[in-house]
Number of protein chains: 2
Amino acid sequence: MWCVARAGVTAERLALAAADLADEVGVENVTVAALARHFGVKDASLYFHIRSAHDLRVRIALLALAELADRVADALAGRAGKDALVAFANAYRDYATRHPGRYAAMQIDLDPETAAASAGVRHAEMTRAILRGYRLSEPDQTDAVRMMHSTFHGFVSLERTGGFRHTPRSTDESWARALDALDAVLSNWPRG
Amino acid sequence: MWCVARAGVTAERLALAAADLADEVGVENVTVAALARHFGVKDASLYFHIRSAHDLRVRIALLALAELADRVADALAGRAGKDALVAFANAYRDYATRHPGRYAAMQIDLDPETAAASAGVRHAEMTRAILRGYRLSEPDQTDAVRMMHSTFHGFVSLERTGGFRHTPRSTDESWARALDALDAVLSNWPRG
DNA sequence: TCGTTTGCCTAGGAGAGCTAGGCTACTACC
DNA sequence: GGTAGTAGCCTAGCTCTCCTAGGCAAACGA
């Protein structure tokens, strides 16, 4: 290989390229070798920037968490109540649809300290912020946060893996109705 | 190698062993080589019974779908309304908790014809059967089925990947309240 | 200008997926 | 009971991935 200048690989560019690759071919196919090829570099050289193949995927996850938190924050600005709920939900689903590989990477479980330092905590804060419009106190609030997150993640996840494929009904419609239902149940949270 | 008798490998025993292995070490670590070691056989020999490593995982998925459908059917027997909803949900979550590898395998997307021939269709039928107690007509019924499935899958999935770990609140409690909420919203499904 | 660090390299080993081709033991049929 | 066919396993060997060790040269700070 005739290398005139250095490839200029950095951990950030690596994570970004890996994330793009994940969106194209799926996280499971994001390989150190493929990434090295993309930069016109030998695979061994990348271990100067990353610790392992798993480390690479964790970096994709952290990148994705941060990106998603930014989008959600933008979507949420100046909104409250159901408006905020819908904005959050749509930003979430949009991101997952546009960036399937990044979204899949977000699901790998980070070790506790990495998770605590990630943008995941911003997600949690914003989710709770939405619920302020519904006036729920603990522990109902935590239960509601968990249900919300479950619905979002579950829907998006099933939509992507083809779990809804067997029924002709538009998934956009179902999504809108799920948000209506979520709003309804949050507005009138059942007492134990 | 001194082979006294044949190992007696069949496709069924292979799928079962693979499923057990998946529960132990995770689907992503279910390897043809590891499975061959388990049977005291060379890896190349397994290609007589399976087409590829992917085929092996598909077999785990189909096995899991069938097993889960059986459990859900048992749990559902003689129940209706919220009783049926809770029984379904608990059978689902129980299975996922006891068999994390099998559950993860269930999420790989099957090609349409394989999916159509799988026990996945029984799941869909049973889910719709539950909703009969809530008297929903199309397309509300489809939307409700999708929301139910999303909530179940989302909750179980996040619980497993540690998405709820940062809050001390018991996940069992949150689960029970999510089912209450689901029952409430199904009983009073919001009109568009 | 001269280390020192940085960024890449080659070489190579372990393990996974998979194919090709061969040997053996069981089965069925005449 | 001999024999043909096939089922079930083998070895050999290819490619690919992950990762380590050790080397060399460009860029940079003093």
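From a predicted model like this one, the values you see are computed outputs, not experimental measurements. Convention: sequence-line order gives letters A, B, ...; per-chain numbering from 1.
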Measure from the side-chain heavy atoms of [X] and tell me the nearest of [options].
X	options	answer
Phe48(B)	dA7(D), dG17(C), dC18(D)	dA7(D)
Ala44(A)	dG17(C), dA11(C), dG7(C)	dA11(C)
Ala53(B)	dC19(D), dG17(C), dC9(D)	dG17(C)

Discussion item. Between Ser157(A) and His153(B), is the side chain to side chain donor-acceptor pair (under 3.5 Å) condition met? List the steps.
Written reply: CA-CA 9 Å; Ser157(A) 176; His153(B) 170 57; 3.1 Å; yes

Practice prompt. Please work out which of the three classes, parallel, tilted or perpendicular, describes the rings of His149(B) and Phe164(A), given edges at 30° and 60°.
Written response: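 Aromatic pair Phe164(A)/His149(B) classed perpendicular.
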
Item to complete: Could you check whether the rings of Tyr92(B) and Tyr103(B) sit parallel, tilted or perpendicular, using 30° and 60° as the cut-offs?
Response: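 Aromatic pair Tyr92(B)/Tyr103(B) classed perpendicular.
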
Please table the atom pairs, donor to acceptor, closer than 3.5 Å between any side-chain atom in residues 71-80 of chain B and protein atoms at least two apart or in another chain.
unit_1   : atom_1 : unit_2   : atom_2 : d
Arg79(B) : NE     : Ala75(B) : O      : 3.0
Arg79(B) : NH1    : Asp83(B) : OD2    : 3.3

Discussion item. Over all strands shown, is Thr31(B) touching base, sugar-phosphate only, or nothing at heavy-atom distances under 4.0 angstrom?
Written reply: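 It contacts sugar-phosphate atoms only.
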
Item to complete: Would you confirm whether His123(A), through its side chain, and Leu65(A), through its main-chain N or O, come within 3.5 Å as a donor-acceptor pair?
Response: yes

Round to a whole Å and report the spacing from [atom1] of [X] to [atom2] of [N].
X	N	atom1	atom2	value
Lys42(B)	dG13(D)	NZ	P	15 Å
Leu35(B)	dC9(D)	CG	P	12 Å
Asn29(A)	dA16(C)	CG	P	18 Å
Tyr47(B)	dT11(D)	OH	C1'	16 Å
Ile50(B)	dT19(C)	CD1	C1'	14 Å
Asp55(A)	dT20(D)	CG	C1'	16 Å
Asp43(B)	dG8(D)	CG	C1'	15 Å
Glu28(B)	dA16(C)	CD	P	14 Å

Discussion item. Less than 3.5 Å apart, any donor N or O on the side chain of Thr97(A) or Arg160(A) sitting next to an acceptor on the other?
Written reply: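 Per modelled atom types, Thr97(A) and Arg160(A) side chains form no pair under 3.5 Å.
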
Show the distances under 3.5 angstrom between N or O atoms of the protein and N or O atoms of nucleotides 13-15 of chain C.
none

Discussion item. I'd like to know if Arg59(B) pairs up with Glu12(B) as an ion pair, taking the criterion as any Lys NZ or Arg NE/NH1/NH2 lying under 4.0 Å from an Asp or Glu carboxylate oxygen.
Written reply: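 Here Arg59(B) does not pair with Glu12(B) in a salt bridge, since their nearest N and O are not under 4.0 Å apart.
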
Worksheet item: Is His49(B) near enough to dA7(D) that one of its side-chain N or O atoms lies under 4.0 angstrom from OP1 or OP2?
Response: no

Discussion item. Does a side-chain N or O of Ser45(A) approach OP1 or OP2 of dG7(C) to a distance below 4.0 Å, or not?
Written reply: no

